[in-house]
Amino acid sequence: MSENLKKGTGELFTNVDPDKMRAFVREKNKKMLSKITTVKEAVEKFVSDGDYVAAGGFGGVRIPVAVIHEIIRQGRKNLGFSGHVSTHDCQLLSAGECFDRCDAAYIVGLEARGLSSNARRVFQSGKINVTEWSNGALSWRFKAAAMGVPFLPIRSMLGTDTFNRSAAKEMLCPFTGKKVAAVPALYPDVAIIHVHRADIYGNCQIDGIVVADDDIAKAAKKVIITTEKLVDNDEIRREPNRTVIPYWTVDAVIEVPFGSYPGNMPGLYFSDEEHLSEWLKVEKDEQLFKEFLEKNIHSCKNFSEYLEKNGGMEKMNKLIQQEHLLK
Amino acid sequence: MSENLKKGTGELFTNVDPDKMRAFVREKNKKMLSKITTVKEAVEKFVSDGDYVAAGGFGGVRIPVAVIHEIIRQGRKNLGFSGHVSTHDCQLLSAGECFDRCDAAYIVGLEARGLSSNARRVFQSGKINVTEWSNGALSWRFKAAAMGVPFLPIRSMLGTDTFNRSAAKEMLCPFTGKKVAAVPALYPDVAIIHVHRADIYGNCQIDGIVVADDDIAKAAKKVIITTEKLVDNDEIRREPNRTVIPYWTVDAVIEVPFGSYPGNMPGLYFSDEEHLSEWLKVEKDEQLFKEFLEKNIHSCKNFSEYLEKNGGMEKMNKLIQQEHLLK
Amino acid sequence: MTRYNNMELMITIAARTLEDGAIVLVGTGVPVATAMLAQMTHAPDLTILFEAGGVAPLLPTMPISVGDSRTTFKSLKATTMAEIMEFCQTGMVDYCFLGGAQIDKYGNLNSTIIGDDYKKPKTRFPGSGGANDLASLCWRTMVVTPQNDKRFVVKPDFITTPGFLEGGTSRVDAGLPKDTGPYRVITDIGVYGYHPETKEMMLLSLHPGKTIEDVKANSSFEILIPEKYDMTTEPTDEELEVLREKVDPTRVIIGRG
Amino acid sequence: MTRYNNMELMITIAARTLEDGAIVLVGTGVPVATAMLAQMTHAPDLTILFEAGGVAPLLPTMPISVGDSRTTFKSLKATTMAEIMEFCQTGMVDYCFLGGAQIDKYGNLNSTIIGDDYKKPKTRFPGSGGANDLASLCWRTMVVTPQNDKRFVVKPDFITTPGFLEGGTSRVDAGLPKDTGPYRVITDIGVYGYHPETKEMMLLSLHPGKTIEDVKANSSFEILIPEKYDMTTEPTDEELEVLREKVDPTRVIIGRG
């Protein structure tokens with residue numbers, strides 16, 4: 001029976017063997033030390049050309065924009081990345097031409113806002129090695145890694161071209177004899193995650209949707225956290241049921257207020273729909289887009305300057321109001 | 001290679017096929033209706049002779065004692081149950097001679113307090129069909145069920161008699177070729193869980209250790225919730241990140257203050273160590289034990305009467321103080 | 001002149017499909033508008049889930065993202081994507097709503113690429129997102145889409161999301177959960193279901209003013225036309241009022257026409 | 001008369017094994033006393049986990065259950081048992097502490113039954129609990145136990161929890177994670193490790209006043225005695241003071257002797 005089992009033809013970009021990850025993890029310094037640094041230093045130290053990167057959040061919600069800007073500014077190339085509802089983050093990394101391979105579940109689009117013409121150009125160029133997955137499959141791949149097992153059985157993907165272009169494998173359940181899809185653990189080299197609250201050690205709490213960030217933090221070799229607010233360790237300990245990411249997985253912590261801008265930060269500020277529309281618009285004109293990127297990313301010394309250029313506190317206050325009035 | 005793969009010889013007491021559970025779940029009424037009832041009615045309606053029962057909590061912490069007493073009072077027989085750190089709950093079900101089969105990970109003991117001589121007598125009688133597991137394996141069996149997959153691969157149990165007497169199977173990872181243990185999904189007929197807060201629909205929040213109760217609620221066909229405090233639906237919606245069990249899995253909700261007594265309820269009251277010692281002591285004398293059970297369970301019309309007989313509010317206040325002074 | 005446009009018609013019909021007490025997983029746009037309309041009319045106890053982690057919010061307005069703040073506004077639970085997908089995998093979720101650039105007669109959907117060279121596609125679309133999971137794991141897949149012969153194709157360039165695959169029993173044979181699959185396709189021309197045996201798309205009801213010719217002319221594959229089919233019941237004034245004034249007062253969705 | 005009893009000696013020696021910055025998973029009794037002593041002496045940054053879901057609490061006193069309130073008192077995280085076991089499975093956890101009714105020369109442990117009829121055992125014990133998982137998944141398994149020939153057996157009646165199984169490479173061959181396994185056995189007579197190749201239990205250090213004869217007389221299997229072994233360094237006054245006054249002031253554990 002097993003000779004009829006299908007395998008996806010997509011490339012597997014990362015190691016699947018949990019014993020390799022275990023050996024890495026064993027050597028990590030697990031002391032509860034301060035990991036406070038700057039975005040610039042974190043990217044210099046923890047993101048290298050060729051690394052496989054996973055971004056937390058949900059495309060335009062709770063996304064680590066400051067770190068992605070810095071990755072672009074520092075000119076990282078040949079990255080791999082997981083397109084797990086990758087919307088504005090995919091748009092940014094495409095703008096920086098930072099990657100050459102991608103596990104794609106949701107890329108090039110910005111949900112209801114439309115499609116990024118530049119991200120499409122990049123993905124249509126033939127220069128990107130793409131392996132297909134579903135959002136669920138990528139979530140479960142992170143979960144397998146976070147659980148410390150080499151794969152998880154799932155019941156989606158079967159029978160489709162998404163499966164055929166993935167690196168999943170059909171297998172038979174040892175108990176029911178029924179077919180399931182096995183999806184391999186995904187261990188990113190670096191995870192970049194933006195959270196609501198973190199202490200200096202990297203214990204993190206998140207409000208609203210968690211997406212896959214609990215698992216991504218555990219799955220990744222290195223973890224960079226940006227946080228809206230640095231809080232005292234006592235505050236974490238006051239609500240231990242709310243802690244999503246434990247300190248020992250984390251390598252860098254940076255306080256970046258409005259760090260998800262122009263994305264939404266649940267409970268704090270809404271997305272800047274005007275700015276995202278501008279992105280989609282300028283991408284259609286090569287020269288305009290170049291100038292736009294120069295202004296908003298390359299010429300900015302840091303994320304604060306980007307915020308300043310896009311309306312500063314006045315704009316942020318508007319987005320805060322929008323979030324709370326829910327309009 | 002696959003002919004060398006081992007299988008545990010233990011009996012599998014429950015269905016593994018997720019399609020059977022899916023068909024059951026599809027027919028469940030998923031309207032958000034009030035599920036308020038009494039412990040007596042809930043047990044009459046949702047626990048039948050022969051059912052496979054899973055209790056939430058951790059043996060002596062956040063355990064559904066009121067429901068277990070009622071199961072004993074109503075004389076349920078031939079139950080199956082999962083001994084997932086089953087300490088005082090195992091002691092109770094053994095006292096009631098309610099079960100004839102058990103998935104055992106931790107049974108007959110009360111952790112540092114010692115072993116239950118009556119539970120041991122029951123398990124040494126030869127009348128109980130036991131299948132061995134580890135705590136992790138049972139947790140993952142509930143998780144497989146909660147995830148909707150027929151099994152999960154795990155990296156423990158291998159090479160031991162625990163595996164040999166389980167119903168797990170060795171298998172090779174389709175990606176690494178390495179051996180893992182596959183543990184089958186566990187779908188209990190009934191889950192009984194005690195929580196800190198629930199609304200009338202069954203949305204539940206838990207403080208402190210969650211153990212496996214998130215998964216058990218999703219894995220079980222029927223779910224009975226006792227709660228320290230009934231709260232308004234608004235209160236659940238104020239902290240959606242804290243909701244562990246969603247209403248649609250739940251069939252019955254009963255407010256039972258001190259419902260984990262004589263167990264500990266994190267943040268509310270400590271365990272009654274004197275009463276638990278008395279349990280261990282009287283079990284050693286058949287006649288005394290009979291009288292003890294008559295007094296504490298059979299002759300009680302409900303859980304309040306049991307609390308009253310064991311010191312009532314004065315005792316409860318003492319346990320509350322013990323919890324907060326942590327002495 | 002009709003009292004409603006095509007979008008209003010499609011949303012209204014789709015909303016009627018959702019029975020009270022069902023659990024539905026929606027995306028932004030038409031799906032969430034549909035679920036909100038159902039909730040505000042005949043199905044107050046409809047439970048709405050979002051794949052990013054929002055469970056049963058009290059939606060103040062339509063979300064712009066499947067994960068934005070509104071999807072957890074006064075919600076019952078805020079969680080992970082994996083947990084939402086696992087709710088679907090356990091059989092808890094009755095309906096999902098999907099779309100795509102192409103659909104075939106078995107309800108298979110393409111939202112990945114147009115072109116015959118996967119490595120260098122003519123057009124790259126987002127890919128599956130959650131669509132493949134939802135269509136695999138929820139009981140009933142709903143598609144609401146304008147109908148034309150470029151979208152209703154004989155062979156999609158890529159099957160992103162499973163319908164009935166090659167028809168007959170092929171969906172279950174592939175390992176997908178029993179008794180799941182495409183349920184309704186609601187277009188600007190009619191409402192379609194699937195043949196119980198062959199699983200081919202089949203006309204269920206024709207919209208007012210539309211003809212069998214419209215059905216045929218706007219599909220590249222042959223849609224089964226049974227001897228008996230219904231005429232679509234038009235949106236009521238009440239449905240239109242709720243849709244226009246409560247669900248989509250700024251006409252973000254229904255303004256599309 | 002010594003300045004300490006056997007329990008105090010074993011706990012002190014075990015505590016020294018735990019280096020600062022390590023992550024350790026403990027049970028109630030000796031294990032948690034050991035971890036607390038280490039934290040209060042040389043290893044302030046030791047992270048303590050409990051299998052029921054408590055992560056790095058600020059332990060006010062010793063818990064009586066692996067899941068009681070103290071295990072999440074001002075903890076960094078309160079979670080599920082599965083998540084704790086998964087931390088172990090990912091390789092994050094350095095040490096676990098286990099015990100059992102029987103141990104063999106490869107460090108395999110029995111906490112399930114005594115007797116040769118599994119279906120009707122002479123004595124039923126709790127079973128694995130989390131022991132099998134922890135010994136499988138943490139890097140180093142510590143055993144702290146009084147030593148005698150009934151506990152140190154040639155063939156356990158049941159192998160609940162894996163040590164090095166049949167020695168040599170058999171542990172890895174069984175599929176258990178690489179480079180894990182029994183690390184130290186600390187008894188009232190000596191400290192034992194395992195032979196790097198054969199994986200047989202081996203004397204590392206002898207406690208003050210104990211002899212090789214004691215080692216041999218109190219084990220039913222042959223313990224390897226290398227040419228060179230250490231003499232155990234006695235507990236210091238400071239260690240004893242912290243243990244007696246801060247860790248276990250009511251002598252619940254150390255009172256056992």
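Atom set for the values below is all heavy atoms of this structure, side chains included, hydrogens, waters and symmetry mates excluded.
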Apply salt bridge (charged side-chain N to carboxylate O under 4.0 Å, His left out) to A:E239 and D:K77, showing your working.
CA-CA 8 Å; A:E239 282 234 64; D:K77 187 169 164 76; over 6 Å; no
Would A:R26 and D:D94 pass as an ion pair if we require N to O under 4.0 Å?
no
At a heavy-atom separation under 4.5 Å, does A:D214 approach chain D through its side chain, its backbone, both, or neither?
neither
Which atoms of D:L46 come close to chain A, meaning under 4.5 Å heavy atom to heavy atom: side chain ones, backbone ones, both, or neither?
neither
Please state whether the side chain, the backbone, both or neither of A:A146 comes within less than 4.5 Å of a heavy atom of chain D.
backbone
Identify which part of A:N241 has an atom lying under 4.5 Å from any heavy atom of chain D, answering side chain, backbone, both or neither.
both
Is there side-chain contact between D:M92 and A:K30, with heavy atoms separated by less than 4.5 Å?
yes
State, with a plain yes or no, whether a side-chain heavy atom of D:F87 is found less than 4.5 Å away from one of A:K218.
yes
Measuring from D:I23:CD1 to A:K31:NZ, what's the distance to the nearest 0.5 Å?
13.0 Å
Point-to-point distance, once rounded to the nearest 0.5 Å, from CZ of A:R22 to SG of D:C88
8.5 Å
If you draw a 6.0 Å radius around NZ in D:K246, do more than 12 non-hydrogen atoms from other residues or ligands fall strictly inside?
no
Given the rule in the side-chain contact (heavy atoms from CB on, under 4.5 Å) test, do D:T90 and A:M147 qualify, once you have shown the distances and angles that lead to the verdict?
CA-CA 6 Å; D:T90 58; A:M147 290 176 74; over 6 Å; no
Using side-chain heavy atoms (C-beta onward) and a distance below 4.5 Å, is D:L76 in contact with A:N203?
yes
Contact origin within D:P44 toward chain A - heavy atom pairs under 4.5 Å
neither
Answer key: most heavy-atom pairs under 4.5 Å with chain A among D:T180, D:L137, D:V93, D:D179 is D:L137
CD of D:E166: more than 12 outside heavy atoms within 6.0 angstrom?
no
Pairwise side-chain contact, D:V55 with A:W248, heavy-atom cut-off 4.5 Å (strictly under)
yes
Do A:Y247 and D:T47 have side-chain heavy atoms sitting under 4.5 Å apart?
yes
Closest-packed option against chain A by number of heavy-atom pairs under 4.5 Å, given D:E83, D:Q89, D:K74
D:Q89
I'd like to know if A:K143 pairs up with D:E86 as an ion pair, taking the criterion as any Lys NZ or Arg NE/NH1/NH2 lying under 4.0 Å from an Asp or Glu carboxylate oxygen.
no
With a 4.5 angstrom heavy-atom cut-off, could you sort out which part of D:T72 is near chain A: side chain, backbone, both or neither?
backbone
